[in-house]
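Report on the structure given below.
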Amino acid sequence: MAAPHDSTGPAGASDASLPLGKDVAYPSSYQPDLLFPIPRQIQRDSLGVGTQRLPFVGADNWTAFELSWLNLRGKPQVALAHLTFPCETTNIVESKSLKLYLNSLNQARFADAAAVRDCLRKDLSEAAWRGSGQTSSIGVRVIEAEDFDAEPVQELSGLDLDRLDIECEHYTPRPDLLRSDHSRAHVSETLTSRLLKSNCPVTGQPDWASVQISYSGPPIDQASLLQYIVSFRNHTGFHENCVEQMFIDIWQRCAPLQLSIQARYTRRGGLDINPFRSSNPQTLPANIRTARQ
């Protein structure tokens, strides 16, 4: 099964070089060179987002459910990993390549989970910033088996837009549907929906997500917002790009004073990707998985 990240091909590389959607031999030894970085700017160009100053802050929170290695006596260990890629990184990492990289650890020996964490941080940080001349660490947290019970499952908080009985007829992004009422007093509210769906631009497989939109400012028309979310149903794009497009569209069309959006995508290939974008610096939302993840 393909991993959840999709790619139309990075600059300077052909689609033939991408591992996504292809039958590949799984590695039998540690291979950090399997990681395949893709410049974020490829997708941001289509949104009119420049390279100098991003209109948002945030990060992409990944969960790796298939993490295993050998201890120094050769006994297999299993764990989960939470990976945090700041949205300022030069690249995203193509997810099939990340899956292959993680599987290359299966027969590698490490002294303990901390050594695995350090290895992940070093390799993923290099891939995320490759070609930029910058260096910074990716966030990595390894959760060992004895702590699995502490990993919560809960739904996104907020007022459920899916309660609305609306008519839907648009299935490609329609920012013109969005509207807010500038004649009314400003509000602060959090709205959620489980109806976000987009498609992989390479394999065509569906990507399912729940989305949470928090804002303050003139009240956004909830029915039109839900219709807008549904309009992504036949859209092809990266998870990160979908959230960034939603942020730009709502920011421009509804003119909130503050805005933050997170989407939690159903895992594929043992990985989930959960982008978060905000107009103002704040603590990242907890990496709590929903029931569909």
Side-chain angles (χ1 to χ4, degrees), residues 4-6 43-44 46-49 55-56 58-61 87 154-182 187-201 204-268 272-279 285 288-293:
H5 220 308
D6 314 319
Q43 293 290 309
R44 287 176 175 169
S46 65
L47 300 178
V49 175
F56 42 68
D60 308 320
N61 289 316
C87 68
Q154 66 183 58
E155 296 304 286
L156 295 175
S157 62
L159 181 62
D160 186 9
L161 292 173
D162 302 344
R163 75 190 192 283
L164 300 173
D165 184 18
I166 61 168
E167 183 174 355
C168 298
E169 55 184 11
H170 302 293
Y171 302 107
T172 56
R174 289 289 299 268
D176 58 302
L177 293 170
L178 295 165
R179 60 181 183 270
S180 57
D181 189 345
H182 292 266
V187 299
S188 295
E189 61 182 358
T190 298
L191 307 170
T192 64
S193 174
R194 298 179 181 86
L195 301 186
L196 178 59
K197 172 190 169 289
S198 54
N199 298 314
C200 168
Q205 293 187 39
D207 294 320
W208 308 94
S210 296
V211 62
Q212 180 188 64
I213 300 167
S214 299
Y215 76 97
S216 61
I220 296 174
D221 181 81
Q222 294 180 11
S224 64
L225 178 58
L226 182 56
Q227 289 172 325
Y228 168 73
I229 292 169
V230 170
S231 76
F232 277 77
R233 194 166 183 85
N234 287 336
H235 177 64
T236 57
F238 294 1
H239 301 41
E240 299 91 337
N241 178 249
C242 290
V243 172
E244 291 182 359
Q245 180 170 348
M246 294 180 73
F247 181 96
I248 295 295
D249 288 345
I250 294 172
W251 186 256
Q252 292 179 345
R253 295 275 176 168
C254 300
L257 301 177
Q258 293 185 334
L259 174 66
S260 64
I261 301 176
Q262 72 160 320
R264 297 202 62 89
Y265 278 86
T266 300
R267 81 178 83 162
R268 195 169 339 130
D272 67 33
I273 305 171
N274 309 289
F276 172 76
R277 300 293 183 268
S278 177
S279 61
I288 298 173
R289 89 180 152 90
T290 66
R292 291 196 299 162
Q293 293 187 284

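These figures come from a predicted structure and were not determined experimentally. Side-chain atoms are counted along with the backbone in the values below, which use heavy atoms only and exclude waters and symmetry mates.
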One pair to check against side chain to side chain contact (heavy atoms under 4.5 Å, CB included): S210 and T192. What are the steps and the verdict?
CA-CA 7 Å; S210 296; T192 64; over 6 Å; no
Could you work out, with salt bridge (Lys or Arg N to Asp or Glu O under 4.0 Å) as the rule, every residue matching E155, not counting sequence neighbours?
R194
Side chain to side chain contact (heavy atoms under 4.5 Å, CB included) between Y215 and Q258: does it pass, once the steps are laid out?
CA-CA 5 Å; Y215 76 97; Q258 293 185 334; over 6 Å; no
If you compare all heavy atoms of [X] against all heavy atoms of [Y], which two are closest, and at what distance to 0.1 Å?
X: C242; Y: G237; answer: SG-O, 4.1 Å
X: T266; Y: R292; answer: CG2-O, 3.1 Å
X: R268; Y: P206; answer: NH2-O, 2.8 Å
X: Q227; Y: E167; answer: NE2-O, 2.8 Å
X: S193; Y: D162; answer: OG-OD1, 2.6 Å
X: A255; Y: P218; answer: O-CD, 3.7 Å

Short question: side chain of [X], backbone of [Y] - any donor-acceptor pair under 3.5 Å?
X: S279; Y: L259; result: yes
X: N274; Y: N61; result: yes
X: Q222; Y: L161; result: no
X: R253; Y: R179; result: no
X: S180; Y: C254; result: yes

Taking the side chain as everything from C-beta on, heavy atoms only, tell me whether Q43 gets closer than 4.5 Å to V49.
no
Atom [atom1] in [X], atom [atom2] in [Y]: separation rounded to 0.5 Å?
X: S198; Y: N241; atom1: OG; atom2: CG; result: 9.0 Å
X: Y265; Y: L196; atom1: OH; atom2: CG; result: 4.5 Å
X: C168; Y: R174; atom1: SG; atom2: CZ; result: 12.5 Å
X: R44; Y: F238; atom1: CZ; atom2: CZ; result: 11.5 Å
X: I213; Y: L225; atom1: CD1; atom2: CG; result: 4.5 Å
X: D272; Y: D60; atom1: CG; atom2: CG; result: 11.5 Å

Check the angle between the aromatic planes of F247 and W251 and answer parallel, tilted or perpendicular using the 30° and 60° thresholds.
parallel
Apply side chain to side chain contact (heavy atoms under 4.5 Å, CB included) to F276 and I261, showing your working.
CA-CA 6 Å; F276 172 76; I261 301 176; over 6 Å; no
Check step by step if side chain to side chain contact (heavy atoms under 4.5 Å, CB included) holds for L178 and I250.
CA-CA 7 Å; L178 295 165; I250 294 172; 3.9 Å; yes
Looking only at the side chains, is there a donor atom on one of N199 and T236 sitting less than 3.5 Å from an acceptor on the other?
no
Other residues, nucleotides, ligands: >12 heavy atoms within 6.0 Å of R233 CZ
no
Can the positive tip of R277 be found less than 6.0 Å from the middle of the six-membered ring of F56, inside 45° of the ring normal?
yes
